[in-house]
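In what follows, a structure is listed as structure tokens, so that the remarks can point back to it.
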There are 2 protein chains.
Amino acid sequence: MARAGLTKERLTRAGAELADEVGFEQVTVSELARRFGVKVASLYSHVKNSHDLKTRIALLALEEMADRGAAALAGRAGKDALAAFADVYRDYAREHPGRYTAARFRLDPEAAAASAGARHAQMMRAILRGYDLAEPDQTHAVRLLGSVFHGYVSLETAGSFSHSAPDSQESWSRIVDALDALLRTWPTA
Amino acid sequence: MARAGLTKERLTRAGAELADEVGFEQVTVSELARRFGVKVASLYSHVKNSHDLKTRIALLALEEMADRGAAALAGRAGKDALAAFADVYRDYAREHPGRYTAARFRLDPEAAAASAGARHAQMMRAILRGYDLAEPDQTHAVRLLGSVFHGYVSLETAGSFSHSAPDSQESWSRIVDALDALLRTWPTA
DNA sequence: GCATCTGCCTAATAGCTTTAGGCAAATAGA
DNA sequence: TCTATTTGCCTAAAGCTATTAGGCAGATGC
């Protein structure tokens with residue numbers, strides 16, 4: 001029997017593509033096997049189980065977003081950096097909705113530690129270098145930025161902003177403006 | 001055979017409790033049947049299918065949150081109202097994580113129209129009465145608030161803030177402070 | 001008290017997940 | 001190059017969930 005050439009990496013990539021097509025929740029070992037023209041059980045030599053597969057897709061998505069974030073931040077500072085980074089999240093979610101959802105998959109501690117999560121946090125802090133925030137306000141601000149980015153993208157993806165004016169793009173720009181203004185005048189306790 | 005007294009309502013409530021115990025994704029027609037000491041097929045006289053059940057749980061959660069929100073807003077204005085309303089979301093998610101997730105379940109248009117979604121939007125606008133915002137900035141602000149509330153709660157529930165100082169409660173308070181400050185000095189285009 | 005309705009049941013189909021064990025293709029060693 | 005081992009994909013099987021069809025008996029209406 002000819003071998004299909006399965007590997008963790010190929011399965012993970014194909015899983016990510018599948019997620020973007022049908023949604024992360026609908027990513028299934030069976031469908032993946034079907035796409036490789038292979039029997040389901042065969043995948044279990046490469047991937048521990050369904051959870052493992054999903055974890056790998058999540059890690060891939062986190063890496064990809066971190067890479068894009070790093071590229072966006074290079075040579076930028078202040079509001080410029082903030083806006084570019086914000087767009088990285090939003091654009092990624094629009095281009096790769098399944099992967100984006102995957103990135104929110106709850107990772108177990110080991111996977112989380114090995115993930116690009118730390119890079120994301122570092123980049124947020126790098127953006128805040130353009131603003132004058134000491135601890136613990138810096139941490140509060142990091143959490144706020146993470147919340148806004150994730151929250152907005154998540155609501156937008158769910159279609160919450162698509163049935164009313166103004167355009168979502170406009171709100172997004174104005175929200176980034178607002179965040180910039182807020183960070184410049186952050187109210188200290 | 002003694003009847004179990006199944007109804008849509010009881011199934012929905014039990015489904016919501018199940019969601020809080022094991023997670024919304026793990027809510028299953030089978031498990032629900034098990035809890036009622038009844039065969040799986042029996043549920044299908046009361047609920048169209050699994051999707052229908054989840055939709056009902058989502059609608060219940062949205063109602064409950066809207067009710068709490070309304071109670072919190074009564075007699076409050078300005079920052080007071082903002083903080084109380086924010087806490088409604090956060091507290092609800094902490095008390096009822098499964099229901100909270102359910103509330104984010106993607107509803108089809110008919111269900112969405114019949115949901116408490118509109119009440120949520122109205123309450124957000126009511127909060128903004130305490131600030132001086134004209135359209136379209138008011139809509140931008142509503143979207144920002146929704147994003148921050150949902151984003152923060154979602155990240156917090158995922159445990160993103162639980163492994164580092166400062167305390168999540170502190171960040172939450174300071175973020176509400178920051179939002180209040182931002183709304184009072186909202187940057188107009 | 002009888003007829004109807006309704007609620008829960010049995011039975012059956014179908015899909016996904018996961019484990020165990022087997023054969024053959026690829027690879028490594030002599 | 002021939003053999004030995006590893007490794008990749010397969011068959012088989014069990015268990016779970018979802019969903020539909022059809023049946024019997026308890027509840028309800030006249």
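These numbers come from a predicted model, not from an experiment. Here is the naming used below: chain letters follow the sequence lines, and residue numbers restart at 1 for every chain.
- Taking CG from A:Leu145 and CE from A:Met123, the interatomic distance works out to 12.5 Å, rounded to the nearest 0.5 Å.
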Under 3.5 Å, which donor-acceptor pairs do the side chains of residues 21-28 of chain B form with other protein atoms, sequence neighbours left out?
unit_1: B:Glu21; atom_1: OE1; unit_2: B:Arg35; atom_2: NH1; d: 3.0
unit_1: B:Glu21; atom_1: OE1; unit_2: B:Arg35; atom_2: NH2; d: 2.9
unit_1: B:Glu21; atom_1: OE2; unit_2: B:Arg35; atom_2: NH1; d: 3.3

Per-pair distances, 0.1 Å, donor-acceptor, side chain in residues 101-114 of chain B, under 3.5 Å, sequence neighbours excluded:
unit_1: B:Thr101; atom_1: OG1; unit_2: B:Pro97; atom_2: O; d: 3.0
unit_1: B:Arg106; atom_1: NH1; unit_2: A:Thr157; atom_2: O; d: 3.2

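- Here the straight-line distance linking atom CG of B:Leu18 with atom CZ of B:Arg34 works out to 9.5 Å at 0.5 Å rounding.
- Within the structure, side-chain hydrogen bond (donor to acceptor under 3.5 Å, both in side chains) pairs that include any residue of residues 4-13 of chain B do not occur (at least two apart or interchain).
- Within the structure, side-chain hydrogen bond (donor to acceptor under 3.5 Å, both in side chains) contacts touching residues 75-84 of chain A (residues at least two apart or in different chains) are A:Lys79-A:Asp177.
- Comment: A:Arg119 engages A:Glu63 in a salt bridge, judged by a side-chain N to carboxylate O separation of less than 4.0 angstrom.
- Of the residues in residues 5-28 of chain B, those placing a heavy atom less than 4.0 Å from an atom of DNA chain D are B:Thr28, in numerical order.
- Of the residues in residues 32-54 of chain A, A:Val38, A:Lys39, A:Ala41, A:Ser42, A:Ser45, A:His46 come within less than 4.0 Å of DNA chain D through at least one heavy atom, sorted by number.
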